[in-house]
Protein chains: 2
Amino acid sequence: MQATHGLEENMIAMAGRMALVRPIPEPGIIEHRPSALRLVKAKEHLFHEGDPRQCVFEVVSGALALYTLLPDGRRQIARFALPGEFVCVGWERSEPHSAEATVDTFVKCLPALLARRIAKDAPASLDWIGAQMAEEARAMQDLARLVALGGALERVAGFIGRLSRKIGAASPCSFALPMTRADIGDHLGLTLETVSREFSRLRRLRVIEIERVTQVVILDPARLRRMGGDLLN
Amino acid sequence: MQATHGLEENMIAMAGRMALVRPIPEPGIIEHRPSALRLVKAKEHLFHEGDPRQCVFEVVSGALALYTLLPDGRRQIARFALPGEFVCVGWERSEPHSAEATVDTFVKCLPALLARRIAKDAPASLDWIGAQMAEEARAMQDLARLVALGGALERVAGFIGRLSRKIGAASPCSFALPMTRADIGDHLGLTLETVSREFSRLRRLRVIEIERVTQVVILDPARLRRMGGDLLN
DNA sequence: CGAATAGTTGACGGACTTCAAATCTTGTGG
DNA sequence: CCACAAGATTTGAAGTCCGTCAACTATTCG
């Protein structure tokens, strides 16, 4: 919790810097300018695995799927980057993942070189970067635990519960899923059919409600948490 | 690969510092002295989840299982720390895992405060720490991918292949497993019975040979790699 | 030597995947 | 605005894989 607290403070500080140039969303592409805002349409890529790292990104709206593709065509989505989250923080020289927008997505772009300069000037941001990297490792381990120890229901329940906490801080009971069932399956190591079935099961159990396919209402947060909860945190 | 290279250089530099005080293994416990060498017997703990971080450790021989325990009693081994690998690098204030020696294990201990001082004096070691943390995140993601996308055979094959590369750099074809079947199961999200069955299967397929339960000989490295290989790197 | 721990193997059942078909949603052109 | 097409989702049926329970064997330590 202490680490998370410091992280948020520094995120705010950094986001402040990033927001200086162009605070208002504008459709279209404005690349290679400090803190440019860019629209990535659904299914478009922001970058590919192996690309040289050029920018640090902050997701403003929508969602990015950070994934790796296997030789046999399957893919694993390592994580979804949601509004307020950062991508490409750290000292890697090339991207370890591909980044695809799962829905229309706005991102703020900060050139990596500028980010490095900021980091050098402000030692506090070094701590922030360290915290970000530690958080990333922890998130990856949470995923490994969820997938290694949980059944399909626990994985889906855990995923929805975590997602709702991230997205719906303001409205904890209802939110829009920013990705398809197939995306969720590729994240949790399940088929899209199994994801759909577990959604249906949660609906039958009166734990969630689904409206127009993408709108999820959490009816029983406590039970949802219990179903996947042992495996997170 | 570039990152790994820099990492190794800095590991050597840091290991050099750590080795200055007491270069020769000595049985028994010598705690709270710079670079003290300590023996942790099989099934003993080096620290527990939640303990305040006191030392950075380097495994000299044996192996540590870094795990978290779930409320229901199951455990997930996030990773095994093998000879030459470091544990507790980073800025966490308390341990996120418990560390148990799976076999008799020697570790070098460097007080965390001293490690911080070294890091401040030598900016290069900051890069090394960053590389370590990035490596940890990558290892966790590899685990998540292996567990999410692989069947039992792929998981075990991938695990053995990776382990042999880490342990048996000198003798790539034969090495001693430093953990039980149950430990491997807790790492890969399988039961110990399934792990045993997959070992037997690999033996029937003439991919590996097993001598005296813990000694593994890799008969067909190429095929072993192919069996779990799509899921790693 | 004997007990305790670790590992192997078999049988069975349940959980998830695969294949298939039907329904719902969304975007586009007329 | 409507119709249609493409994509996403839901649901069903059958098969495979892995977990559970159980019995047995091998190894280690006192």
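Fair warning: this is a prediction, and the values are worked out from it, not measured in the lab. We name chains A, B, ... by the order of the sequence lines, and we start the count at 1 in each one.
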Could you go through the side chain to side chain contact (heavy atoms under 4.5 Å, CB included) check for B:Arg206 and B:Asp220 one step at a time?
-> CA-CA 7 Å; B:Arg206 307 283 175 200; B:Asp220 192 338; over 6 Å; no
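Comparing A:Val213 and A:Thr194 by the nucleotide of DNA chain C whose heavy atom lies nearest to each, the residue mapping closer to the 5' end is A:Thr194. Both A:Arg212 and B:Thr214 lie near DNA chain C, and the one whose nearest nucleotide falls closer to the 5' end is B:Thr214.
Atom pair B:Leu192:CG and D:dC21:P shows a separation of 13 Å (rounding to whole Å applied). Atom-to-atom, CZ of A:Arg181 to P of D:dT11 comes out at 10 Å; the value is rounded to the nearest Å.
Shown here are the side-chain contact (heavy atoms from CB on, under 4.5 Å) partners of A:Val40, two or more places apart in sequence or in another chain: A:Arg38, A:Glu44, A:Leu46, A:Ala101, A:Val107.
B:Leu190 comes within 4.0 angstrom of sugar-phosphate atoms only, judged by non-hydrogen atoms across all strands, and of no base. Among the protein residues, B:Gly189 comes within range of the sugar-phosphate backbone only, with heavy atoms under 4.0 Å from sugar or phosphate atoms but none that close to a base.
Contacts with DNA chain C (heavy atom under 4.0 Å) in residues 195-205 of chain B: B:Ser196, B:Arg197, B:Ser200, B:Arg203, listed by number.
Partner of A:Phe80 under the side chain to side chain contact (heavy atoms under 4.5 Å, CB included) criterion, chosen from A:Thr102, A:Leu66, A:Leu64: A:Thr102. Each of A:Arg75, A:Arg79, A:Lys43 was checked for a salt bridge (charged side-chain N to carboxylate O under 4.0 Å, His left out) with A:Asp183, and the lone residue meeting it is A:Arg75.
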Let me have a per-nucleotide readout for nucleotides 1-7 of chain D, 5' to 3', with B, S or -, counting only protein heavy atoms under 4.0 Å.
-> -------
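A 4.5 Å side-chain heavy-atom check between A:Arg225 and A:Arg165 finds at least one atom pair inside the cut-off.
For C:dA6, neither phosphate oxygen OP1 nor OP2 lies less than 4.0 angstrom from any side-chain nitrogen or oxygen of B:Thr180.
In this structure, B:Met179 and B:Ile184 approach most closely via the heavy-atom pair CG-CG1, 3.6 Å. Summarising the geometry of B:Thr68 relative to B:Pro96, their closest heavy-atom pair is CG2-O, 3.6 Å, with the distance given to 0.1 Å.
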